[in-house]
Amino acid sequence: MAQPATVTELNPEQRPFYHELLRQMLLIRVFEERAGEAYAQGKIGGFCHLYIGQEAVAVGAIAALRPDDYIFASYREHAHALARGTSARAVMAELFGKVTGCSRGKGGSMHLFDVERGFMGGHAIVGSHIPLAAGAAFACKYLGTDRISVCFFGEAAANIGAFHETLNMAALWKLPAVFICENNRYGMGTALERAAAVYDIAQRACAYDMASEVVDGMDVLAVYEATRRAAQRAREESRPTLIEARTYRYMGHSMADPIHGHYRTKEELEEQKKRDPIQGLKRRLVEEGLLDDEEYAEMERRVNQEVEDALRFADESPDPDLSELYTDVYKE
Amino acid sequence: MPVLTYRDALNQALREEMQRDPNVFLMGEEVGVYQGAYKVSRGLLQEFGEHRVVDTPIAELGFAGIGVGAAMAGLRPVIEFMTWNFALLAIDEVVNSAAKMLYMSGGQIPIPIVFRGPGGAALQLAAQHSQAFEAWYAHVPGLKVVAPSTPYDAKGLLKSAIRDDNPVVFLEGEMLYNVRGEVPEEEYLIPLGVADIKRPGDDVTVICHSKTVAVALKAAEELAGEGISAEVIDLRTIRPLDTDTILKSVMKTNRCVIVEEGWPFCGVGAQVAYEIQRGAFDYLDAPIERVTGADVPMPYNKHLERAAKPAVSQVIEAAKRAAYAD
Amino acid sequence: MATKVLMEALSPTMEEGRVVEWLKAEGETVKAGDVLAEVETDKAVMELQARADGVLRKILAPAGSTVPVGDLVAVIAGPDEDISALLEQRRPATRSQEPAARTQPRAPETKVTPAPAPPAAVTGGQPERADRIKASPLARRLARERGLDLALISGSGPGGRIVKRDLERIEAARPAIPAAIPAAAYRDVPLTQMRKTIARRLVESLGPVPHFFLTVEVDMERAWDAREALNALGEEPRISINDIILKVVATALTRHPECNAWWQGDHIRYFNEVHLGMAVAIEDGLITPVLRNAERKSLREIALEARDLAERARARKLKPEEYTGSTFSVSNLGMLGIDEFTAVINPPEAGIIAVGAVTQQPVVHNGSVTVRRRMRLTMSCDHRVIDGATGARFLQTVKRMLENPLALVW
């Protein structure tokens, strides 16, 4: 198996950047925890897939992109919207189904959209957004821009036809795309080893003569660096990359799924939590003298406040008017 | 007025729209170097280059999705399916992505895309290559479904489809590509959602589209010889359905026969019949008749195949039943 | 040459008939025109005639069985002719009461809705079909708009469905339906805007036929005396009060043609002749035979004809043309002791008079209270045709004539 790349040295001049990465991961963590509570209170309906444990992937990767790049994500995408800068209010309100949500309450947890920020949605059919991301990359190239398109998907999507068809065409046509496989080891309750003949996902890029990289998905700086390299390759050479970020989800597949269930052990979960991306970055920053306890406490306080505010906002926001039922079916 | 084939009328539409708008491009299997499996894209590669006439591998799901993604990022793709039979592989992108994107994004992302290619049965291509999918796509809110019957309509409707900001499923007729008809030299558009009265009449309305228009017109000719005046309405667009034209005609004739190539169950005719009974109940003098493809997978054998397709004689019989003239 | 004897459509609305009795037996020689059997339709008992000469070889529908129109009921052929092929063609639809009865209990009993009991099963085991009229939606709408009664129209569509062309045929041949009304016998008056507005608004407020009612009390002393005097002559027929009322109404209608009219949806048809419907109660219902040209008939003629029609109505022997095409109707429940009632208009007619019993009442007459014979008439009017004052003037004429029967000879 390929060994994940890591970042060995920190640059003190990048202190505010490191703090921002930490703050975003913390925001996502708190947001997801509170969303889980709101779900239990019946304020959020339908499927709700939490991202807790995987924060380093969305935060690290998106930090490496330009504001005008396109981002496509799967249905476990609250974090990607937040990392992209969509407000906690707009995301929480969408989970609550409110008209103030980023998709006006019509999309919900699995369909967050924020076109202004190039956030092209959460998509809920496994793998079906991989060609969409390639299509946006096609458009970037067609229009002669140096924008790129990035797609996040789980390792289970690497077994579906759309993945292979798209990687083939992306490589063939040299599309400016970055495919980021968030390998959290389980497709719902099926371990990767039980679903894939080759479970070194990054190796699949060989079939399409595509650049690839394996990265520690619990290390936000490693993810950032890998994505930065891939984004540069896409932007400057118009060549796609497949990144496999090895990560882990702490929660069940969705809120309807027990936290470890029958498919994994409590011990495995506890073992993985030792690699926690937030604690990992915090420890490193503290060790290197780039973060003190007071700063961290202040960060926590602000994040809690932001999520608290988002919950209140979502709660108080109105439902979409019934007249919205028949709008947005067709573009006039 | 110049006489063109349906194929060349479509080719003109593509060429004109690609000349007009640089964001329009054509993508699909064999559209470029091969010049189109049915030669609809003949000459386009030479005129517009590989950049805008993109040959794909055989990967319907992938390139349909790439088309939708390109539309999300501001282009106006025309995705050619070599036939609609193969598009079943891509139906997830057409239905789950293209049709729903505007809605689930709360109005943020329109998908201006055309999926086009030949539908319906040709000759002796057997079960997997002979099917009409109008009803499948027309079922889906968010999609528009167009199925022209003449070169004139094909050109005007394709140009409108390309300019439409919604995903349009554009079903051509494999057996129509060689049909000739007058096509004006000057530019024209035919709005989506407007049916066309191909032959006026008083006694019975025959509703049809695509290939069955020719069947209906032939039947109308023969019915006229027997003193029954049939009004032939070509739907042209299945969704949105031109209910006004349909109801107006049925209110006049009081009788209706709906002809389609597809299967009967939950077919286009089922919806049209519903609209008629709902909107013109008090004007109906007879049960609404349907003539459809046989409710079977298409057989290979020539005689069986002929029996499985809507025939002029069936339309005549149905019209007479509706007119109580049998 | 073998001839099929089919169940024929013997009334405008007949979909099936019940064989009451075979008047010829198997093996009997028959001539074209001979009555083979009596058949009960939805309206009357009719005669099924032989259409060919030969021997009645086979009876397929025994007495008591109910057969759809068009089905084979018997075969007429040469004495030795092979008729087996004909018999094999017989549609299996012929039902006797037996199997029909057997199929009935299949419906779960709990599902039976508490509908009014159907009339005595004249059609044998098919109560739900007894008065179901099959008509296309268009035919129903046109009939509603033109004031046509679908029950009086025979359908030419599948299963007897009434379709547009049947209504067109009726409209085209309308003067011919009541065969006695020649084209010159009426005048069609287009609707004025005001008349249209009145019609529309009344329909919106009251239902398909906007009824209103006028009641008048009539002193019947002189009519009573007249009847006594006439009957004292000792000649047949004896005159009834009802005969006098029919004669008076017919005469009054000639003076008030505005009440002798049909509502036709887009116009009103005023008749110059009076075809007076007289409601007759029969064993299992009601039928309204028609006194043709009642305005031209003497009291004696009316009495004779009314008696004949009533008797034949009760025997269910009326022909369709004898109970269709009336221009106004009279319904009398006086003989049943009803003092006063309202009758429902028989569309497209515009009015009907309901006659109550003649009773002795204390009234003020010439300044003192005396006992006199009195009767109440209630006229139901279709407001689209007849306005209040119009109806009242007509009813006044009726009252005046009844109170002074000499007016009839004036």
* Pairwise distance OG(B:S105) to CG(A:D114) - rounded to 0.5 angstrom -> 11.0 Å
* B:N96, part contacting chain A, at a heavy-atom distance under 4.5 Å -> side chain
* Look up atom CG in A:D328 and atom CD1 in B:I109, then write down how far apart they are to the nearest 0.5 Å. => 11.5 Å
* Structure fact -> Scanning both residues in full, the closest heavy-atom pair of B:I66 with A:W173 reads CD1-CZ3, 4.1 Å
* Flag, side chain of B:Y103 to backbone of A:L325, donor-acceptor distance under 3.5 Å -> yes
* To do: For the residue pair B:F63 and A:E165, establish whether any side-chain heavy-atom pair is separated by less than 4.5 Å.
  => no
* Asked: Can you say whether B:L75 sits under 4.5 Å from chain A via the side chain, the backbone, both, or neither, judging by heavy atoms?
  -> side chain
* So which of A:M120, A:E94, A:E324, A:H164 has the largest heavy-atom pair count under 4.5 angstrom toward chain B? -> A:M120
* Contact origin within B:K100 toward chain A - heavy atom pairs under 4.5 Å -> neither
* To do: Measure the spacing between CE of B:M72 and CZ of A:F72 and express it to the nearest 0.5 Å.
  => 4.5 Å
* Which portion of B:P77 sits near chain A, non-hydrogen atoms under 4.5 angstrom -> neither
* Measure distances from B:E93 to the heavy atoms of chain A and classify the residue's part below 4.5 Å as side chain, backbone, both or neither. => side chain
* Asked: Where do B:V140 and A:Y330 come nearest, in terms of heavy atoms and distance?
  -> O-OH, 4.1 Å
* Answer yes or no: does atom CD of B:E187 have more than 12 heavy-atom neighbours from other residues, nucleotides or ligands under 6.0 Å? => yes
* Asked: Of all heavy-atom pairs between B:D92 and A:S128, which one has the smallest distance, and what is that distance?
  -> OD2-CB, 3.0 Å
* Structure fact -> Okay, A:I130 and chain B: the region with an atom under 4.5 Å from a heavy atom over there is neither
* Asked: For the atom pair NZ (A:K331) and CG (B:D164), what is the distance rounded to the nearest 0.5 Å?
  -> 11.5 Å
* **Reported CD-to-CZ distance for the pair B:Q108 and A:F119, which is rounded to 0.5 angstrom** => 10.5 Å
* **Under 4.5 Å from a heavy atom of chain A, the part of B:L143 involved** => backbone
* Asked: So A:F138 and B:F25, would you call those rings parallel, tilted or perpendicular, with 30° and 60° as cut-offs?
  -> tilted
* Apply side chain to side chain contact (heavy atoms under 4.5 Å, CB included) to B:M104 and A:H123, showing your working. => CA-CA 10 Å; B:M104 63 188 187; A:H123 301 268; 4.3 Å; yes
* To do: Grab the two heavy atoms, one from A:L132 and one from B:S97, that are nearest each other, plus how far apart they are.
  => CD1-OG, 3.8 Å
